[in-house]
K.L.:
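Just dropping this structure here.
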Amino acid sequence: MSVDVLDANEKQSFLTWRRSLARLEENENLVLTPFEKNLDIWRQLWRVLERSDLIVMVVDARNPLFYRCPDLEIYAQELDKHKKTLLLVNKADLLPYSVREKWAQYFRLHEILFVFWSAKAASAALLGKTSSDPQSSIQESDDPDTKVYGRDELLARLQSEAEQIAKRRRNAGSSDVSSTDANSQGGSVSESSASNNVVVGFVGYPNVGKSSTINALVGQKRTGVTSTPGKTKHFQTLIISEELTLCDCPGLVFPSFTSSRYEMIASGVLPIDRMTEHRQAVQVVANRVPRQVIEDVYKIKLPKPKPYEPQSRPPLAAELLRSYCASRGYVASSGLPDETRAARQMLKDYIDGKLQHYQLPPGMTDDEEDNVGTSSDTSDVENTPADKNNNAPNLENVLDDLNSFDMANGLTSKKGTAKKPRAPHKLHKKPQRNKNRTWRVGNDNDDGMPVVRVFQKHVNAGSLKTV
Ligand SMILES: Nc1nc2c(ncn2[C@@H]2O[C@H](COP(=O)(O)OP(=O)(O)OP(=O)(O)O)[C@@H](O)[C@H]2O)c(=O)[nH]1
């Protein structure tokens, strides 16, 4: 088809797809997270998928399922049934060995092709250093499922996987119904059909480490690495050898109906600098990183849960932010704690791995729970700990503590909560506050001594009257 026809087709399909998403959202009352809406970025993804034999989906090892997009795997197979997707579980240096074992078990069980990898460790090895990070958990392991691959091992594995795909396609021959179908539908088989060169395409969410991975594999700095998501804008082709070509796609956020916006900020998918609801995003951190780890890393003391609350409840974002501000002296121009600044710093530490945390595969529990932040809970963060608390505190206690809770600032879930019955004390009409701004000075002992009543007046409205 001509360039113009292709362009028009893509625009039309994209529009139809966006409309169907909007309809789903409206009719099914689903909450759709922000996703990539720039057609040019999607085009980059389509081109990368079309030209690649093997698709490498880069995910962050700390929460691989959050970054995995099974729809993309299905789409790749619709283009060409021989294409395969390999999950490259990057940042494996941030996972303890025992957790890698658990994820390996999960991936095997679900027949997911995967490899543990650390772009950081591979880059360090290239420079002749071992990873300088004292917390790095990379241990030697001979088990191909749990070991963290080195650069040469990964290149060899990618090449062999891609070659197998190309071979299967060649064997299927040009009469292969699926390939013919794919071409006639505007899909594509990869470039390697005609040559011995295989193409491996890298896709994934922003900030998962695609560029770092490509840099480590290519052996020199070829793509910009930054902790700001969305840096890579166009795909790049990198020729490793006559047999192997790598293709790096811009990071792109897929639409999702499950993850919350705040989780996306905390996971480094949406830029921290543009966040406005900092408390909700920090609540994700507070839910995931154990209290003790936060206290140790920041050398702060968090307020203990109230006696009537579950003692194991995570800290509230407000408690965390205020303690952090107090310890660092962060004060906004309003004179209040500068929570925005504190939130940005904390989220950055969470994304960079300074605040250690990881998710476990669904249904699995941790043996090393005391050591680092762990959670198998992928619940929506808008449900704050207070919402989940079944042992509801009694009303008196709540009233006593109202000062330490900030209900107005999003700590309670706004959506879906039934309107609470009015507290009995609120049914009584409050006595009107005395508008007469006067106060008594001294003697409340009723001992017959004179009492002075002071009237507050504007400075230039005459002298104070005493009675
Ligand atoms: N600890 C650790 N950090 C890593 C690793 N790989 C990448 N990072 C960090 O993750 C951040 C994002 O890395 P990039 O390579 O820029 O991510 P990207 O996926 O290319 O991002 P976009 O350009 O937005 O698509 C950077 O701060 C890296 O230093 C790793 O293996 N371990």
Side-chain angles (χ1 to χ4, degrees), residues 34-36 38 40-42 44-45 48 55-64 66-69 72 87-96 99-100 114-127 129-138 147-151 153-154 201-218 220-236 238 246-254 264-274 344-345 347-358 372-373:
F35 64 97
E36 179 58 63
N38 181 347
D40 283 331
I41 305 276
W42 286 97
Q44 305 291 313
L45 174 78
V48 169
I55 291 128
V56 174
M57 193 180 286
V58 188
V59 296
D60 189 319
R62 292 170 292 177
N63 194 357
F66 175 86
Y67 300 92
R68 181 177 173 235
C69 181
L72 195 74
L87 211 62
L88 188 69
V89 191
N90 187 35
K91 310 195 187 181
D93 52 296
L94 300 174
L95 278 195
V99 180
R100 286 211 307 269
F114 71 97
V115 160
F116 283 110
W117 160 254
S118 166
K120 189 177 174 185
S123 309
L126 265 183
L127 299 171
K129 300 181 212 157
T130 47
S131 181
S132 56
D133 186 350
Q135 290 174 329
S136 174
S137 67
I138 296 180
K147 78 172 179 186
V148 178
Y149 276 53
R151 172 184 179 262
E153 289 170 309
L154 183 63
F202 285 75
V203 298
Y205 274 95
N207 223 26
V208 288
K210 286 183 308 301
S211 303
S212 307
T213 298
I214 297 271
N215 288 339
L217 290 180
V218 173
Q220 63 197 90
K221 200 168 171 356
R222 296 292 287 272
T223 56
V225 174
T226 153
S227 58
T228 311
K231 175 95 192 321
T232 313
K233 296 284 180 224
H234 296 279
F235 81 79
Q236 307 190 46
L238 302 143
L246 305 184
C247 215
D248 181 25
C249 179
L252 147 164
V253 181
F254 303 102
M264 295 235 169
I265 297 170
S267 304
V269 170
L270 296 179
I272 295 174
D273 292 343
R274 277 190 247 145
R344 285 188 181 156
Q345 187 56 52
L347 287 161
K348 194 173 174 303
D349 292 343
Y350 179 83
I351 292 162
D352 292 348
K354 186 173 166 188
L355 283 174
Q356 267 194 295
H357 64 97
Y358 52 78
V372 281

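All residue numbers in this chain count up from 1 along the given sequence. Computation of the quantities below employed the complete heavy-atom set of this structure, encompassing side-chain atoms and omitting hydrogens, waters and symmetry-equivalent molecules. Whatever order the structure lists them in is the order used to number ligands and atoms, beginning at 1.
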K.L.:
Evaluate the side-chain proximity of Val148 to Asp93: yes if any heavy-atom separation is below 4.5 Å, no if none is.
P.N.:
no
K.L.:
Looking at ligand 1, does any of its N/O atoms fall within less than 3.5 Å of an N/O of Gly209?
P.N.:
yes
K.L.:
Can you name the atoms of ligand 1, numbered from 1 with element, that are less than 4.0 Å from a heavy atom of Ser211?
P.N.:
15 (O), 18 (P), 20 (O), 23 (O)
K.L.:
Can you list everything that forms a side chain to side chain contact (heavy atoms under 4.5 Å, CB included) with Ala266? Sequence neighbours excluded, please.
P.N.:
Val284, Leu347, Tyr350
K.L.:
Would you say ligand 1 has an N or O under 3.5 Å from any N or O of Ala92?
P.N.:
no
K.L.:
Under 4.0 Å, heavy-atom basis, I'd like to know which part of Leu94 is in contact with ligand 1: side chain, backbone, both or neither.
P.N.:
side chain
K.L.:
Find all atoms of ligand 1 within a distance of less than 4.0 Å from any non-hydrogen atom belonging to Gly251, and give their numbers and elements.
P.N.:
25 (O)
K.L.:
Using 0.5 Å steps for rounding, measure from the CZ atom of Arg100 to the NZ atom of Lys147.
P.N.:
11.5 Å
K.L.:
Between Asn90 and ligand 1, which part of the residue brings a heavy atom under 4.0 Å of the ligand: side chain, backbone, both or neither?
P.N.:
side chain
K.L.:
Could you tell me which residues satisfy salt bridge (Lys or Arg N to Asp or Glu O under 4.0 Å) with Arg68, sequence neighbours excluded, listed by chain and number?
P.N.:
Glu73
K.L.:
Decide whether Gln345 and Asp349 meet the rule of one side-chain donor and one side-chain acceptor closer than 3.5 Å.
P.N.:
yes
K.L.:
Ring centres of Phe254 and Tyr205 under 6.0 Å apart?
P.N.:
yes
K.L.:
Using a strict 4.0 Å cut-off to heavy atoms of Pro206, name the atoms of ligand 1 that fall inside it.
P.N.:
24 (O), 25 (O)
K.L.:
Looking only at N/O atoms, are Trp117 and ligand 1 under 3.5 Å apart anywhere?
P.N.:
no
K.L.:
Just wondering, do Val208 and Val59 contact through their side chains at under 4.5 Å, heavy atoms?
P.N.:
no
K.L.:
Which of the atoms in ligand 1, numbered in the order shown and given with their element, are less than 4.0 Å from a heavy-atom of Ser118?
P.N.:
31 (O)
K.L.:
Just which atoms of ligand 1 are under 4.0 Å from any heavy atom in Asp93?
P.N.:
1 (N), 2 (C), 30 (C), 31 (O), 32 (N)
K.L.:
Would you say ligand 1 has an N or O under 3.5 Å from any N or O of Thr213?
P.N.:
no
K.L.:
Do the non-hydrogen side-chain atoms of Leu238 and Ile214 ever get within less than 4.5 Å of each other?
P.N.:
yes
K.L.:
For atom 15 (O) of ligand 1, which candidate among Ser212, Gly268, Pro271 provides the closest heavy atom?
P.N.:
Ser212
